[in-house]
Amino acid sequence: MKIHLVPAAAGLAMLAGIGVATADQVIITPEQQTVVREYVQRHPLASISLLGVELNVGSTLPETVELHPIDVPDVEYRYVVVDDRTVLVDPGTRRIVQVID
């Protein structure tokens with residue numbers, strides 16, 4: 001009986017971890033994406049290059065990167081342009097929440 005409990009406990013732990021990751025994801029509605037995209041087009045920034053940083057959701061940007069506010073209702077994120085791609089960032093954690101091409 002103990003042999004079966006260990007894999008079951010490991011499976012439950014994995015499922016719990018997946019649930020936490022899903023709850024931690026940020027969802028930006030298509031409408032917000034459109035408004036943010038329009039805002040960024042009206043307020044262009046020079047693109048920067050970051051060696052060693054992958055532009056993936058969840059990646060953390062270094063403290064040296066200046067984050068710019070987005071003056072859009074219901075959007076609390078900041079943005080920066082990296083390698084000609086607009087990146088939305090949570091200013092509290094400096095984690096990328098979305099990459100807008």
Side-chain angles (χ1 to χ4, degrees):
M1 189 64 143
K2 289 182 182 178
I3 295 173
H4 296 292
L5 291 178
V6 173
L12 284 174
M14 283 178 40
L15 286 175
I18 291 170
V20 168
T22 303
D24 202 27
Q25 289 179 346
V26 176
I27 298 173
I28 298 181
T29 66
E31 293 81 13
Q32 287 175 317
Q33 281 184 9
T34 301
V35 173
V36 167
R37 201 174 269 126
E38 290 170 358
Y39 180 86
V40 169
Q41 287 174 347
R42 287 191 314 269
H43 302 88
L45 298 175
S47 182
I48 63 170
S49 293
L50 292 175
L51 297 176
V53 176
E54 293 186 30
L55 294 183
N56 297 323
V57 172
S59 296
T60 303
L61 296 182
E63 291 289 329
T64 55
V65 175
E66 182 181 358
L67 304 178
H68 301 272
I70 301 173
D71 190 19
V72 173
D74 299 325
V75 177
E76 299 175 10
Y77 305 115
R78 305 286 175 120
Y79 77 108
V80 64
V81 178
V82 180
D83 297 328
D84 297 320
R85 299 171 76 193
T86 300
V87 180
L88 294 183
V89 180
D90 179 332
T93 62
R94 300 191 65 83
R95 288 183 179 223
I96 297 172
V97 295
Q98 187 162 23
V99 179
I100 301 175
D101 292 315

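This is a predicted model, so every value here is computed, not measured.
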So L88 and V36, do their side chains get closer than 4.5 Å, heavy atoms only?
yes

Residues which pass ring pair (Phe, Tyr, Trp, His ring centres under 6.0 Å) with H68, listed by chain and number, not counting sequence neighbours:
none

Quick check on D74: does its CG atom have over 12 non-hydrogen neighbours (other residues, nucleotides or ligands) under 6.0 Å away?
no

Can you hop from L45 to Y77 via hydrophobic side chains spaced under 4.5 Å?
yes

Report the distance from atom CZ of R37 to atom CD of Q32, rounding to the nearest 0.5 Å.
12.5 Å

Give me the atom names and distance for the closest heavy-atom approach of T60 to R95.
OG1-CG, 3.6 Å

Let me know which of V65, D83, D84 forms a side chain to side chain contact (heavy atoms under 4.5 Å, CB included) with I48.
V65

Test of understanding: clusters of I, L, V, M, F, W, Y form through side-chain heavy atoms closer than 4.5 Å, transitively. Do V99 and V35 belong to the same one?
no

Minimum side-chain heavy-atom gap I96-N56 below 4.5 Å:
no

Quick one: are P62 and V53 in side-chain contact, heavy atoms under 4.5 Å?
yes

Side chains of I100 and R85 in contact at under 4.5 Å (non-hydrogen atoms)
no

Please check if atom CD in Q33 has more than 12 non-hydrogen atoms from other residues, nucleotides or ligands closer than 6.0 Å.
yes

Quick check: closest heavy atoms across S59 and E54, and the distance to 0.1 Å?
OG-O, 3.0 Å

Are V81 and V87 side-chain neighbours, meaning at least one heavy-atom pair lies under 4.5 Å?
no

Min side-chain heavy-atom separation L61-L67 under 4.5 Å:
yes

With hydrophobic residues grouped by side-chain heavy-atom distances under 4.5 Å, do V72 and V40 end up in a single group?
yes

Quick one: does Y79's side chain get under 4.5 Å of H43's, heavy atoms only?
yes

Separation between CD1 of I70 and CD of E76, rounded to the nearest 0.5 Å
11.0 Å

